[in-house]
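Below is one structure; the comments refer to it alone.
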Amino acid sequence: MSIITISREFGSGGEAVARLVSQKTGFLLINKDSIARGLAEHGIEPPGEGLEDLDLEQDEAARSYIEATHEYIYDLAIRNDLVILGRGGSILFKDYPPALHVRIIAQFTRRVQRVMKTYDLNSDTAVKLVKEKDRNMIRYYRQVFDVNWNNLRLYNLVLNTEIMELEDVADIIVGAYRIHAEPREIKDAPPKPEIEDSVFATPAENETEHFMHSSEEEFAHMLDFYRIRWEYEPRTFLLEWDSEGNVVEAFSPDFYLPDQALFIELTTQKPKQAWKKNRKIRRMNELYPHINVKLIDKRGFESLLKKHSIDQEQDDRRDDYEDEGEET
Amino acid sequence: MSDQKFYGEDQLKIIFTREQIEEKINELGKNISEDYADKDLIMVGVLRGSTYFLVDLTRKMQIPFAIDFISISHYSEQTDSTGVVRITKDLDLSVSGKHVLIVEDIVDTGLSLGYLLRNIKTRNPAGLKVCTLLNVEARRIVDVPVDYKGFDIPNIFVVGYGLDYNENYRNLQFIAEFNRPQ
(Lines give C-alpha, C1' and ligand atoms only; values in the text may rest on other atoms or scores of the structure.)
Protein backbone atom coordinates (compact mmCIF):
# COMPACT_ATOMS: atom_id res chain seq x y z
CA MET A 1 0.00 0.00 0.00
CA SER A 2 1.88 3.00 -1.35
CA ILE A 3 0.00 6.26 -1.60
CA ILE A 4 0.70 9.50 -3.43
CA THR A 5 -2.12 12.01 -3.19
CA ILE A 6 -2.23 14.89 -5.65
CA SER A 7 -4.42 17.89 -5.10
CA ARG A 8 -4.37 20.46 -7.84
CA GLU A 9 -5.76 23.82 -8.73
CA PHE A 10 -7.85 23.61 -11.87
CA GLY A 11 -5.75 24.58 -14.86
CA SER A 12 -2.44 23.99 -13.09
CA GLY A 13 -1.70 20.87 -15.14
CA GLY A 14 -2.08 18.66 -12.08
CA GLU A 15 -4.16 16.08 -13.90
CA ALA A 16 -1.44 15.49 -16.48
CA VAL A 17 1.13 15.37 -13.68
CA ALA A 18 -0.89 12.69 -11.88
CA ARG A 19 -1.03 10.63 -15.07
CA LEU A 20 2.73 10.92 -15.52
CA VAL A 21 3.39 9.98 -11.89
CA SER A 22 1.14 6.95 -12.30
CA GLN A 23 3.06 5.90 -15.44
CA LYS A 24 6.47 6.42 -13.82
CA THR A 25 5.64 4.53 -10.62
CA GLY A 26 3.21 1.96 -11.94
CA PHE A 27 0.77 2.98 -9.20
CA LEU A 28 -2.91 2.85 -10.10
CA LEU A 29 -4.32 6.31 -10.85
CA ILE A 30 -7.73 6.99 -9.37
CA ASN A 31 -9.77 10.15 -9.81
CA LYS A 32 -13.36 11.30 -9.56
CA ASP A 33 -14.44 9.48 -12.72
CA SER A 34 -12.74 6.16 -12.04
CA ILE A 35 -14.14 6.14 -8.50
CA ALA A 36 -17.62 6.86 -9.86
CA ARG A 37 -17.25 3.97 -12.33
CA GLY A 38 -16.02 1.66 -9.56
CA LEU A 39 -18.95 2.55 -7.33
CA ALA A 40 -21.39 2.16 -10.23
CA GLU A 41 -20.21 -1.42 -10.61
CA HIS A 42 -21.42 -1.96 -7.06
CA GLY A 43 -24.71 -0.34 -7.97
CA ILE A 44 -23.94 2.92 -6.18
CA GLU A 45 -24.85 5.93 -8.31
CA PRO A 46 -24.06 9.58 -7.59
CA PRO A 47 -27.09 11.49 -6.25
CA GLY A 48 -26.75 14.41 -8.70
CA GLU A 49 -24.69 15.95 -11.44
CA GLY A 50 -21.97 17.68 -9.45
CA LEU A 51 -21.30 16.73 -5.85
CA GLU A 52 -19.79 20.15 -5.31
CA ASP A 53 -23.12 21.84 -5.96
CA LEU A 54 -25.03 19.92 -3.34
CA ASP A 55 -25.75 21.12 0.14
CA LEU A 56 -24.40 18.28 2.22
CA GLU A 57 -26.04 19.45 5.41
CA GLN A 58 -29.42 19.00 3.79
CA ASP A 59 -28.71 16.18 1.44
CA GLU A 60 -28.57 12.75 3.04
CA ALA A 61 -28.02 10.98 -0.30
CA ALA A 62 -24.99 13.14 -1.13
CA ARG A 63 -23.50 12.49 2.30
CA SER A 64 -23.80 8.76 2.01
CA TYR A 65 -22.40 8.81 -1.53
CA ILE A 66 -19.35 10.67 -0.31
CA GLU A 67 -18.96 8.21 2.54
CA ALA A 68 -19.12 5.38 0.02
CA THR A 69 -16.45 7.18 -2.02
CA HIS A 70 -14.14 7.25 0.99
CA GLU A 71 -14.79 3.60 1.81
CA TYR A 72 -14.06 2.68 -1.79
CA ILE A 73 -10.74 4.56 -1.77
CA TYR A 74 -9.66 2.96 1.53
CA ASP A 75 -10.65 -0.42 0.18
CA LEU A 76 -8.63 0.04 -3.01
CA ALA A 77 -5.63 1.26 -1.02
CA ILE A 78 -5.39 -2.01 0.91
CA ARG A 79 -4.83 -4.00 -2.26
CA ASN A 80 -3.11 -1.45 -4.52
CA ASP A 81 -0.48 1.24 -4.77
CA LEU A 82 -2.32 4.41 -5.62
CA VAL A 83 -1.95 7.84 -7.10
CA ILE A 84 -5.07 9.61 -5.83
CA LEU A 85 -6.04 12.72 -7.77
CA GLY A 86 -8.22 15.07 -5.73
CA ARG A 87 -11.13 13.75 -3.64
CA GLY A 88 -9.47 14.92 -0.42
CA GLY A 89 -6.80 12.24 -0.58
CA SER A 90 -4.39 14.19 1.62
CA ILE A 91 -7.01 14.31 4.36
CA LEU A 92 -8.18 10.72 3.96
CA PHE A 93 -4.57 9.53 4.36
CA LYS A 94 -3.26 12.19 6.70
CA ASP A 95 -2.68 9.62 9.45
CA TYR A 96 -0.80 7.25 7.17
CA PRO A 97 2.82 8.46 7.41
CA PRO A 98 4.24 6.72 4.31
CA ALA A 99 1.81 8.62 2.08
CA LEU A 100 3.14 11.64 0.20
CA HIS A 101 0.71 14.51 -0.18
CA VAL A 102 1.34 16.82 -3.11
CA ARG A 103 -0.32 20.03 -4.15
CA ILE A 104 0.05 21.43 -7.66
CA ILE A 105 -0.48 25.15 -8.02
CA ALA A 106 -0.09 27.94 -10.56
CA GLN A 107 -1.02 31.58 -10.76
CA PHE A 108 -4.61 32.33 -11.67
CA THR A 109 -3.70 33.97 -14.98
CA ARG A 110 -1.48 31.03 -15.98
CA ARG A 111 -4.26 28.61 -15.15
CA VAL A 112 -6.71 30.59 -17.24
CA GLN A 113 -4.28 30.57 -20.15
CA ARG A 114 -3.79 26.81 -19.84
CA VAL A 115 -7.54 26.18 -19.69
CA MET A 116 -8.09 28.38 -22.76
CA LYS A 117 -5.54 26.31 -24.64
CA THR A 118 -6.55 22.88 -23.38
CA TYR A 119 -10.29 23.29 -23.86
CA ASP A 120 -10.17 25.84 -26.69
CA LEU A 121 -12.13 28.45 -24.76
CA ASN A 122 -12.20 32.22 -24.96
CA SER A 123 -10.78 34.05 -21.96
CA ASP A 124 -14.17 35.04 -20.53
CA THR A 125 -15.38 31.48 -20.38
CA ALA A 126 -12.05 30.20 -19.10
CA VAL A 127 -12.02 32.76 -16.28
CA LYS A 128 -15.52 31.76 -15.30
CA LEU A 129 -14.67 28.09 -15.41
CA VAL A 130 -11.49 28.39 -13.32
CA LYS A 131 -13.25 30.53 -10.75
CA GLU A 132 -16.15 28.15 -10.55
CA LYS A 133 -13.85 25.16 -10.09
CA ASP A 134 -11.95 26.98 -7.33
CA ARG A 135 -15.18 27.87 -5.58
CA ASN A 136 -16.44 24.32 -5.84
CA MET A 137 -13.23 22.93 -4.37
CA ILE A 138 -13.30 25.30 -1.42
CA ARG A 139 -16.93 24.43 -0.84
CA TYR A 140 -16.38 20.67 -1.16
CA TYR A 141 -13.48 20.64 1.31
CA ARG A 142 -15.32 22.84 3.74
CA GLN A 143 -18.48 20.76 3.59
CA VAL A 144 -16.93 17.32 3.54
CA PHE A 145 -13.82 17.73 5.68
CA ASP A 146 -14.32 21.11 7.37
CA VAL A 147 -10.91 22.27 6.24
CA ASN A 148 -9.65 25.17 4.20
CA TRP A 149 -8.67 23.80 0.81
CA ASN A 150 -6.08 26.55 0.45
CA ASN A 151 -4.29 25.55 3.63
CA LEU A 152 -0.98 24.40 2.17
CA ARG A 153 -0.08 22.65 5.41
CA LEU A 154 -2.27 19.79 4.29
CA TYR A 155 0.52 18.85 1.88
CA ASN A 156 4.12 17.63 2.11
CA LEU A 157 5.14 19.04 -1.22
CA VAL A 158 3.80 22.05 -3.09
CA LEU A 159 4.88 22.47 -6.69
CA ASN A 160 4.28 25.43 -8.95
CA THR A 161 3.93 24.42 -12.61
CA GLU A 162 4.67 27.92 -13.91
CA ILE A 163 8.41 27.42 -13.98
CA MET A 164 8.74 23.74 -14.94
CA GLU A 165 7.65 21.25 -17.52
CA LEU A 166 4.98 18.87 -16.25
CA GLU A 167 7.33 15.95 -16.90
CA ASP A 168 9.87 17.51 -14.51
CA VAL A 169 7.16 18.11 -11.93
CA ALA A 170 6.27 14.42 -12.13
CA ASP A 171 9.94 13.43 -11.75
CA ILE A 172 10.25 15.59 -8.64
CA ILE A 173 7.20 13.91 -7.13
CA VAL A 174 8.47 10.42 -7.88
CA GLY A 175 11.89 11.32 -6.44
CA ALA A 176 10.32 12.87 -3.37
CA TYR A 177 8.18 9.79 -2.85
CA ARG A 178 11.22 7.48 -2.94
CA ILE A 179 13.15 9.62 -0.46
CA HIS A 180 10.06 9.90 1.69
CA ALA A 181 9.08 6.24 1.66
CA GLU A 182 12.32 4.27 1.57
CA PRO A 183 14.09 5.22 4.82
CA ARG A 184 11.04 4.05 6.72
CA GLU A 185 11.76 0.43 5.87
CA ILE A 186 15.27 0.47 7.33
CA LYS A 187 14.98 2.71 10.38
CA ASP A 188 12.38 3.86 12.86
CA ALA A 189 10.39 6.82 11.76
CA PRO A 190 11.04 9.94 13.80
CA PRO A 191 8.11 10.88 16.03
CA LYS A 192 5.63 12.91 14.04
CA PRO A 193 4.57 16.20 15.55
CA GLU A 194 0.83 16.62 15.90
CA ILE A 195 -0.51 18.62 12.99
CA GLU A 196 -2.95 20.69 14.93
CA ASP A 197 -4.33 22.69 12.10
CA SER A 198 -5.02 19.85 9.72
CA VAL A 199 -8.60 19.79 10.87
CA PHE A 200 -10.76 22.81 11.68
CA ALA A 201 -8.18 25.09 10.16
CA THR A 202 -9.50 28.55 9.62
CA PRO A 203 -7.54 30.97 7.50
CA ALA A 204 -7.01 33.10 10.57
CA GLU A 205 -5.05 30.34 12.25
CA ASN A 206 -3.12 29.65 9.15
CA GLU A 207 0.32 31.09 9.63
CA THR A 208 1.10 30.78 5.97
CA GLU A 209 -0.68 34.06 5.31
CA HIS A 210 1.87 36.68 4.39
CA PHE A 211 0.37 40.09 4.28
CA MET A 212 1.58 42.61 1.77
CA HIS A 213 0.97 45.53 4.06
CA SER A 214 0.82 46.12 7.81
CA SER A 215 -2.67 47.59 7.52
CA GLU A 216 -3.89 44.29 6.08
CA GLU A 217 -2.48 42.40 9.02
CA GLU A 218 -4.17 44.79 11.41
CA PHE A 219 -7.45 44.45 9.56
CA ALA A 220 -7.14 40.64 9.83
CA HIS A 221 -6.55 40.96 13.57
CA MET A 222 -9.66 43.09 13.83
CA LEU A 223 -11.77 40.53 11.98
CA ASP A 224 -10.38 37.80 14.24
CA PHE A 225 -11.25 39.92 17.24
CA TYR A 226 -14.89 40.07 16.18
CA ARG A 227 -14.79 36.40 15.14
CA ILE A 228 -15.49 37.09 11.49
CA ARG A 229 -14.19 34.44 9.09
CA TRP A 230 -11.90 35.73 6.36
CA GLU A 231 -9.65 34.62 3.53
CA TYR A 232 -6.65 36.58 2.30
CA GLU A 233 -6.48 37.31 -1.42
CA PRO A 234 -8.30 34.11 -2.34
CA ARG A 235 -9.25 35.20 -5.85
CA THR A 236 -7.98 37.18 -8.78
CA PHE A 237 -10.34 38.92 -11.16
CA LEU A 238 -9.20 39.59 -14.68
CA LEU A 239 -9.99 43.12 -15.77
CA GLU A 240 -8.38 43.79 -19.15
CA TRP A 241 -7.28 41.76 -22.13
CA ASP A 242 -5.30 42.78 -25.18
CA SER A 243 -6.46 42.02 -28.72
CA GLU A 244 -4.89 38.57 -28.55
CA GLY A 245 -6.71 37.68 -25.40
CA ASN A 246 -3.69 38.02 -23.09
CA VAL A 247 -4.47 39.32 -19.65
CA VAL A 248 -3.03 42.76 -19.12
CA GLU A 249 -4.74 43.75 -15.90
CA ALA A 250 -6.02 41.78 -12.94
CA PHE A 251 -7.17 42.55 -9.45
CA SER A 252 -6.93 40.49 -6.25
CA PRO A 253 -8.98 42.09 -3.48
CA ASP A 254 -7.23 41.77 -0.13
CA PHE A 255 -9.92 39.94 1.80
CA TYR A 256 -12.94 37.76 1.29
CA LEU A 257 -15.48 37.38 4.09
CA PRO A 258 -17.32 34.14 3.24
CA ASP A 259 -20.19 34.75 5.66
CA GLN A 260 -20.86 38.15 4.11
CA ALA A 261 -19.98 37.07 0.55
CA LEU A 262 -17.98 40.27 0.46
CA PHE A 263 -14.57 41.14 -1.01
CA ILE A 264 -12.68 43.94 0.67
CA GLU A 265 -9.82 45.99 -0.69
CA LEU A 266 -7.94 48.13 1.76
CA THR A 267 -5.98 51.19 0.86
CA THR A 268 -4.15 53.48 3.21
CA GLN A 269 -3.28 55.75 0.36
CA LYS A 270 -4.61 59.26 0.45
CA PRO A 271 -7.72 59.80 -1.70
CA LYS A 272 -5.85 61.45 -4.54
CA GLN A 273 -3.47 58.46 -4.76
CA ALA A 274 -6.21 55.86 -4.47
CA TRP A 275 -7.75 56.56 -7.87
CA LYS A 276 -6.18 53.48 -9.44
CA LYS A 277 -7.86 51.20 -6.95
CA ASN A 278 -11.13 53.06 -7.36
CA ARG A 279 -10.87 52.53 -11.09
CA LYS A 280 -10.21 48.81 -10.63
CA ILE A 281 -13.22 48.47 -8.41
CA ARG A 282 -15.40 50.32 -10.90
CA ARG A 283 -14.14 48.00 -13.63
CA MET A 284 -14.82 45.00 -11.44
CA ASN A 285 -18.38 46.16 -10.84
CA GLU A 286 -18.88 46.37 -14.59
CA LEU A 287 -17.42 42.95 -15.35
CA TYR A 288 -18.59 41.05 -12.31
CA PRO A 289 -21.79 42.79 -11.19
CA HIS A 290 -22.81 39.85 -9.00
CA ILE A 291 -19.64 40.10 -6.90
CA ASN A 292 -19.75 42.30 -3.85
CA VAL A 293 -16.58 44.29 -3.45
CA LYS A 294 -15.87 47.18 -1.18
CA LEU A 295 -12.98 49.62 -0.93
CA ILE A 296 -12.03 50.77 2.52
CA ASP A 297 -9.98 53.92 2.12
CA LYS A 298 -7.54 55.62 4.42
CA ARG A 299 -10.17 57.57 6.26
CA GLY A 300 -12.47 54.59 6.58
CA PHE A 301 -9.67 52.42 7.84
CA GLU A 302 -8.66 54.93 10.48
CA SER A 303 -12.21 55.28 11.68
CA LEU A 304 -12.43 51.49 11.85
CA LEU A 305 -9.53 51.42 14.22
CA LYS A 306 -10.70 54.63 15.90
CA LYS A 307 -7.24 55.91 15.25
CA HIS A 308 -7.95 59.58 15.69
CA SER A 309 -4.90 60.03 17.77
CA ILE A 310 -2.05 62.43 18.01
CA ASP A 311 0.13 59.78 16.36
CA GLN A 312 -1.76 60.27 13.16
CA GLU A 313 0.77 62.50 11.46
CA GLN A 314 3.46 59.97 12.11
CA ASP A 315 1.25 57.21 10.72
CA ASP A 316 0.61 59.25 7.60
CA ARG A 317 4.29 59.53 6.87
CA ARG A 318 4.83 55.82 7.43
CA ASP A 319 1.89 54.86 5.24
CA ASP A 320 3.12 57.04 2.41
CA TYR A 321 6.42 55.26 2.57
CA GLU A 322 4.86 51.78 2.67
CA ASP A 323 2.46 52.52 -0.16
CA GLU A 324 5.33 53.08 -2.51
CA GLY A 325 5.89 49.35 -2.61
CA GLU A 326 2.28 48.41 -3.03
CA GLU A 327 0.85 46.74 -6.13
CA THR A 328 -0.64 49.10 -8.65
CA MET B 1 -26.48 80.10 16.51
CA SER B 2 -23.38 79.43 14.40
CA ASP B 3 -22.95 75.77 13.50
CA GLN B 4 -19.18 75.96 14.11
CA LYS B 5 -17.82 75.59 17.61
CA PHE B 6 -14.26 75.44 18.86
CA TYR B 7 -13.02 73.61 21.92
CA GLY B 8 -9.34 74.38 22.16
CA GLU B 9 -7.92 72.99 18.93
CA ASP B 10 -10.97 70.86 18.20
CA GLN B 11 -13.38 72.07 15.61
CA LEU B 12 -17.00 70.92 15.88
CA LYS B 13 -19.54 71.45 13.14
CA ILE B 14 -23.10 70.85 14.30
CA ILE B 15 -24.99 68.44 12.09
CA PHE B 16 -28.04 67.73 14.27
CA THR B 17 -29.34 70.27 16.78
CA ARG B 18 -30.92 69.45 20.10
CA GLU B 19 -34.34 70.20 18.60
CA GLN B 20 -33.82 67.91 15.62
CA ILE B 21 -32.69 65.08 17.90
CA GLU B 22 -35.66 65.61 20.21
CA GLU B 23 -38.11 65.53 17.36
CA LYS B 24 -36.58 62.33 15.98
CA ILE B 25 -36.64 60.65 19.39
CA ASN B 26 -40.32 61.54 19.84
CA GLU B 27 -41.04 59.81 16.57
CA LEU B 28 -38.97 56.73 17.47
CA GLY B 29 -40.58 56.45 20.92
CA LYS B 30 -44.01 56.56 19.34
CA ASN B 31 -43.22 53.94 16.70
CA ILE B 32 -41.56 51.57 19.15
CA SER B 33 -44.44 51.95 21.63
CA GLU B 34 -46.92 51.05 18.91
CA ASP B 35 -44.92 48.08 17.66
CA TYR B 36 -44.33 46.64 21.14
CA ALA B 37 -47.77 47.22 22.64
CA ASP B 38 -48.77 43.99 24.46
CA LYS B 39 -45.23 42.61 24.18
CA ASP B 40 -42.80 41.90 27.00
CA LEU B 41 -40.06 44.39 26.07
CA ILE B 42 -36.52 44.74 27.39
CA MET B 43 -34.63 47.74 26.09
CA VAL B 44 -30.92 47.01 26.17
CA GLY B 45 -28.55 49.98 26.11
CA VAL B 46 -25.07 49.31 24.77
CA LEU B 47 -22.61 51.05 27.08
CA ARG B 48 -21.36 53.68 27.05
CA GLY B 49 -22.36 55.68 23.98
CA SER B 50 -26.08 54.95 24.01
CA THR B 51 -26.84 56.14 27.56
CA TYR B 52 -28.09 59.63 26.68
CA PHE B 53 -30.14 58.30 23.78
CA LEU B 54 -31.60 55.45 25.86
CA VAL B 55 -32.65 57.80 28.66
CA ASP B 56 -34.38 60.26 26.32
CA LEU B 57 -35.90 57.52 24.18
CA THR B 58 -37.38 55.63 27.13
CA ARG B 59 -38.95 58.87 28.42
CA LYS B 60 -40.99 58.96 25.24
CA MET B 61 -42.24 55.39 25.58
CA GLN B 62 -45.96 54.94 26.18
CA ILE B 63 -45.87 51.27 27.19
CA PRO B 64 -44.30 49.29 30.06
CA PHE B 65 -40.81 47.89 29.51
CA ALA B 66 -37.62 46.91 31.34
CA ILE B 67 -34.18 48.47 30.94
CA ASP B 68 -30.88 46.63 30.98
CA PHE B 69 -27.32 47.34 29.86
CA ILE B 70 -24.59 45.41 28.14
CA SER B 71 -21.00 46.27 27.33
CA ILE B 72 -18.39 44.53 25.18
CA SER B 73 -14.68 45.02 24.64
CA HIS B 74 -13.64 46.87 21.49
CA TYR B 75 -10.75 46.20 19.17
CA SER B 76 -9.50 49.76 19.49
CA GLU B 77 -9.26 49.44 23.27
CA GLN B 78 -7.22 46.29 23.53
CA THR B 79 -3.53 46.44 24.24
CA ASP B 80 -2.34 43.56 22.08
CA SER B 81 -3.70 42.21 18.83
CA THR B 82 -4.40 38.63 19.81
CA GLY B 83 -7.61 38.98 21.85
CA VAL B 84 -11.16 38.31 20.91
CA VAL B 85 -14.29 40.27 21.69
CA ARG B 86 -15.89 39.52 25.04
CA ILE B 87 -18.70 40.82 27.19
CA THR B 88 -17.38 43.13 29.88
CA LYS B 89 -20.78 43.85 31.47
CA ASP B 90 -23.48 41.30 30.87
CA LEU B 91 -27.25 41.67 31.05
CA ASP B 92 -28.73 41.35 34.54
CA LEU B 93 -32.12 40.23 33.27
CA SER B 94 -32.97 37.00 31.55
CA VAL B 95 -34.14 37.69 28.01
CA SER B 96 -35.46 34.21 27.27
CA GLY B 97 -38.96 34.54 25.84
CA LYS B 98 -38.79 38.35 25.99
CA HIS B 99 -38.63 40.88 23.16
CA VAL B 100 -35.22 42.52 23.14
CA LEU B 101 -34.56 45.90 21.55
CA ILE B 102 -30.87 46.77 21.40
CA VAL B 103 -30.34 50.52 21.66
CA GLU B 104 -27.17 51.84 20.03
CA ASP B 105 -25.83 55.35 19.59
CA ILE B 106 -24.25 54.52 16.23
CA VAL B 107 -24.04 51.53 13.89
CA ASP B 108 -21.09 51.74 11.52
CA THR B 109 -19.10 48.59 10.60
CA GLY B 110 -21.64 46.31 12.23
CA LEU B 111 -18.78 44.26 13.71
CA SER B 112 -19.58 44.81 17.38
CA LEU B 113 -23.35 44.84 16.84
CA GLY B 114 -23.03 41.63 14.81
CA TYR B 115 -21.31 39.99 17.75
CA LEU B 116 -23.93 41.27 20.21
CA LEU B 117 -26.76 39.96 18.05
CA ARG B 118 -25.14 36.55 17.72
CA ASN B 119 -24.55 36.43 21.45
CA ILE B 120 -28.03 37.51 22.56
CA LYS B 121 -29.70 35.27 19.99
CA THR B 122 -28.30 32.22 21.79
CA ARG B 123 -30.35 33.20 24.85
CA ASN B 124 -33.61 32.56 23.00
CA PRO B 125 -35.37 35.91 23.11
CA ALA B 126 -38.87 35.98 21.59
CA GLY B 127 -37.69 38.83 19.36
CA LEU B 128 -34.46 40.71 18.74
CA LYS B 129 -34.36 44.10 17.06
CA VAL B 130 -32.06 47.07 16.81
CA CYS B 131 -32.65 50.77 17.32
CA THR B 132 -29.84 53.21 16.58
CA LEU B 133 -29.71 56.97 16.67
CA LEU B 134 -27.10 57.17 13.90
CA ASN B 135 -26.48 54.83 10.99
CA VAL B 136 -23.33 54.94 8.82
CA GLU B 137 -24.07 52.65 5.91
CA ALA B 138 -20.85 53.70 4.13
CA ARG B 139 -18.75 52.01 6.79
CA ARG B 140 -20.68 48.76 6.93
CA ILE B 141 -18.68 45.52 6.76
CA VAL B 142 -21.07 43.06 8.37
CA ASP B 143 -24.72 43.02 7.39
CA VAL B 144 -26.80 43.82 10.45
CA PRO B 145 -30.49 44.58 10.62
CA VAL B 146 -31.36 48.12 11.71
CA ASP B 147 -35.04 48.20 12.57
CA TYR B 148 -35.30 51.72 13.94
CA LYS B 149 -32.92 54.52 13.09
CA GLY B 150 -32.72 58.22 13.81
CA PHE B 151 -30.41 59.60 11.14
CA ASP B 152 -28.31 58.28 8.28
CA ILE B 153 -24.95 59.99 8.15
CA PRO B 154 -22.01 59.79 5.72
CA ASN B 155 -18.57 58.50 6.66
CA ILE B 156 -17.61 61.27 9.10
CA PHE B 157 -16.42 61.27 12.69
CA VAL B 158 -19.09 62.57 15.04
CA VAL B 159 -19.27 63.50 18.72
CA GLY B 160 -21.93 64.63 21.16
CA TYR B 161 -25.14 63.21 22.59
CA GLY B 162 -23.27 60.22 24.02
CA LEU B 163 -20.63 59.90 21.31
CA ASP B 164 -17.10 60.70 22.38
CA TYR B 165 -13.63 61.59 21.26
CA ASN B 166 -11.30 60.10 23.86
CA GLU B 167 -14.22 60.16 26.35
CA ASN B 168 -14.84 63.88 25.76
CA TYR B 169 -17.93 65.57 24.33
CA ARG B 170 -20.46 62.90 25.34
CA ASN B 171 -22.51 65.50 27.22
CA LEU B 172 -23.07 67.85 24.27
CA GLN B 173 -26.77 68.23 23.54
CA PHE B 174 -26.16 68.30 19.79
CA ILE B 175 -24.32 66.01 17.39
CA ALA B 176 -21.34 67.48 15.59
CA GLU B 177 -18.73 66.49 13.05
CA PHE B 178 -15.38 66.40 14.76
CA ASN B 179 -12.16 67.74 13.30
CA ARG B 180 -8.77 68.42 14.79
CA PRO B 181 -6.69 70.54 12.41
CA GLN B 182 -3.17 69.18 12.00
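The sequence lines fix the lettering, A, B, ..., with proteins before strands; numbering per chain opens at 1.
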Would you compute the distance between atom CG of A:D259 and atom CG of B:D143 and round it to the nearest 0.5 angstrom?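 Reported value, rounded in 0.5 Å steps: 11.0 Å.
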Separation between NE2 of B:H74 and CE of A:M222, rounded to the nearest 0.5 Å: 12.5 Å
Residues in side-chain hydrogen bond (donor to acceptor under 3.5 Å, both in side chains) contact with A:Y155, at least two apart in sequence or another chain: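 Residues passing side-chain hydrogen bond (donor to acceptor under 3.5 Å, both in side chains) with A:Y155: A:S7, A:R103.
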Chain A: which of B:V142, B:N155, B:V136 shares the most heavy-atom pairs with it under 4.5 Å?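 Of the candidates given, the most pairs with chain A belong to B:V142.
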Locate the shortest heavy-atom distance separating [X] from [Y]; write the atom from each residue and the value.
X      : Y      : result
A:K294 : B:R139 : NZ-C, 4.0 Å
B:R118 : A:I228 : NH1-CD1, 4.1 Å
A:R227 : B:V84  : NH2-CG2, 3.5 Å

Within a radius of less than 6.0 Å around [atom1] of [X], do more than 12 heavy atoms belonging to other residues, nucleotides or ligands occur?
X     : atom1 : result
B:K89 : NZ    : yes
B:Q62 : CD    : yes
B:E9  : CD    : no

Chi angles and distances behind the side-chain contact (heavy atoms from CB on, under 4.5 Å) call for A:I296, B:I141: CA-CA 9 Å; A:I296 298 183; B:I141 295 174; 4.0 Å; yes
Is A:Y226 reaching over with its side chain to a backbone N or O of B:Y75, donor-acceptor style, under 3.5 angstrom?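 The answer is yes, because a donor-acceptor pair under 3.5 Å joins these two groups.
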Test side-chain contact (heavy atoms from CB on, under 4.5 Å) applied to B:D90 - qualifying residues, sequence neighbours left out: B:I70, B:I87, B:R123
